[in-house]
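Read through the structure below, which is laid out as structure tokens, and then see the notes.
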Amino acid sequence: MECIAEMPRAPLDSRPRKRQRLGWDVGPAEMYQVTRPRLGWDVGPAEMYQLGLCGQEVVNAISAAALGLSSGCVSSQVNQEQPRDGSPPLREDDKDGHYVFAVGDNLTSRYKIIAKMGEGTFGQVLECWDKERKEMVAIKIIRGIKKYRDAAMIEIGMLEQLGKYDESRSSCVQIRNWFDYRNHICIVFERLGPSLYDFLKKNNYRSFPIALVREIAKQLLECIAFMHELRLIHTDLKPENILLVSPEYIKVPDYKVSSRSPKEGSYYKRLPKSSAIKVIDFGSTTYDQQDQSYVVSTRHYRAPEVILGLGWSYPCDIWSVGCILVELCTVCYWA
């Protein structure tokens, strides 16, 4: 299990002892630009001045410490400041605590960021190349906020529990790996296709054929039955949390096209090539307990007993499944 965390940075001493400045010296402002973790045995710029080190000697000493070398073994390559493991420069999170990245960055030495797949309340999902297994994966990067980190650890525990007993490989998504990177919990999954919601949205909210809905319902109910056998309740089933395994689709004539939707190509609709699905997002999953009365589920898929505060259990998942299946069968032209 890989776990990477950034060490805290201590503030540099802003009061170096004054001395005569020579032409080839490097001033404090330039040295402050060299950012790295500060270790217990490190010597800061102010202390180096007090030890009588001059400009270039200070730069060499800082670079040597960053690479774990002695100051006498510093070569010309030190000044290139090549980050260890090819890690990107340390960036501050955005105002909402999301990880700030650039396409092509490394996420640890193992994963390379290819594209952004989506974003939600929890954080972001990035498409990455796994250099070790030579395959594409999806990495869920949790916002660097305590409550979301705590929820992520709960989800990891649930995923590992499901994987432990899932010998038949049900339609629950499988966790590949997880690690802590720069105060962000990162969960690695297999690369899957779009969610049912995203597929419906791109398809102008056209309904699925009954035969396809039946196949999806069978897998969904098997997944929920497997979870309930383990006394686990998902509590947040919705089209956004059900992914198609494959992104491939075909176009077929749509004989129920509405006159209110005269867009180009509206006489055709998309159908998934494969009906295989995976259920995701176990951050709200809980064990069955007595007198659970707090509100769960997204509003449109919330069971009556949850709305009325009467306490809920396994049936709240079944109600959500029913809402999802009705939605997949219903023609709704919202666009």
Side-chain angles (χ1 to χ4, degrees), residues 114-122 124-128 135-140 169-174 189-226 234-282 297-303 316-335:
I114 304 301
K116 181 177 179 178
M117 299 176 64
E119 182 174 321
T121 305
F122 60 87
Q124 321 173 75
V125 178
L126 304 183
E127 182 181 26
C128 298
E135 64 180 2
M136 300 300 295
V137 295
I139 301 184
K140 184 177 180 179
R169 296 298 174 188
S170 71
S171 295
C172 298
V173 70
Q174 299 293 318
F189 297 99
E190 56 189 316
R191 174 69 168 88
L192 299 171
S195 69
L196 291 183
Y197 173 78
D198 289 334
F199 194 95
L200 287 170
K201 183 177 180 180
K202 290 182 179 179
N203 208 24
N204 202 23
Y205 299 99
R206 289 176 168 86
S207 62
F208 285 167
I210 294 296
L212 179 59
V213 176
R214 186 181 296 116
E215 290 295 322
I216 292 175
K218 179 177 181 293
Q219 298 171 77
L220 191 52
L221 290 171
E222 287 176 346
C223 176
I224 300 307
F226 167 67
H234 189 285
T235 76
D236 195 21
L237 292 170
K238 55 185 176 180
E240 290 91 331
N241 288 340
I242 304 171
L243 303 189
L244 293 164
V245 172
S246 171
E248 297 182 347
Y249 63 88
I250 58 175
K251 283 188 175 182
V252 299
D254 185 5
Y255 300 107
K256 297 181 180 180
V257 66
S258 170
S259 59
R260 292 178 293 172
S261 181
K263 296 181 180 180
E264 182 180 355
S266 61
Y267 294 97
Y268 292 87
K269 67 179 180 180
R270 301 177 181 185
L271 292 180
K273 274 191 175 182
S274 171
S275 62
I277 61 166
K278 293 281 186 179
V279 176
I280 66 167
D281 197 352
F282 297 88
S297 304
T298 300
R299 183 181 300 114
H300 307 298
Y301 311 94
R302 188 175 294 159
C316 75
D317 278 347
I318 304 303
W319 177 277
S320 299
V321 170
C323 295
I324 293 168
L325 298 181
V326 170
E327 186 172 355
L328 296 181
C329 293
T330 306
V331 179
C332 296
Y333 290 100
W334 299 345

Is the number of heavy atoms from other residues, nucleotides or ligands within 6.0 Å of NZ (Lys116) greater than 12?
-> yes

Judged by atom type as modelled, is there a donor-acceptor pair below 3.5 Å linking the side chain of Asn203 to the main-chain atoms of Arg270?
-> yes

Determine yes or no for a side-chain-to-main-chain donor-acceptor pair under 3.5 angstrom, with His300 supplying the side chain and Ile324 the backbone.
-> no

Report the C-alpha distance between Glu327 and Tyr301 in whole Å, list the side-chain angles of each, state the deciding distance to 0.1 Å, and finish with yes or no for side-chain contact (heavy atoms from CB on, under 4.5 Å).
-> CA-CA 10 Å; Glu327 186 172 355; Tyr301 311 94; 2.6 Å; yes

Would you kindly check if the NZ (Lys) or CZ (Arg) of Lys238 is within the cone defined by 45 degrees around the ring axis of Tyr197 and under 6.0 Å from the six-membered ring centre?
-> no

Are [X] and [Y] side-chain neighbours, meaning at least one heavy-atom pair lies under 4.5 Å?
| X | Y | answer |
| --- | --- | --- |
| Val321 | Ile224 | yes |
| Gln174 | Phe189 | no |
| Asn241 | Val279 | no |
| Phe208 | Ile216 | yes |
| Arg191 | Met117 | yes |
| Pro194 | Pro247 | yes |
| Tyr267 | Pro253 | no |

[X] side, atom [atom1]; [Y] side, atom [atom2] - distance, nearest 0.5 Å:
| X | Y | atom1 | atom2 | answer |
| --- | --- | --- | --- | --- |
| Ile139 | Ile114 | CD1 | CD1 | 10.5 Å |
| Lys269 | Ile250 | NZ | CD1 | 10.5 Å |
| Lys278 | Leu244 | NZ | CG | 12.5 Å |
| Ile277 | Leu192 | CD1 | CG | 11.0 Å |
| Lys140 | Gln124 | NZ | CD | 12.5 Å |
| Thr235 | Arg302 | OG1 | CZ | 10.5 Å |

Answer with yes or no whether the side chains of Ser195 and Asp198 bring together a donor and an acceptor at under 3.5 Å.
-> yes

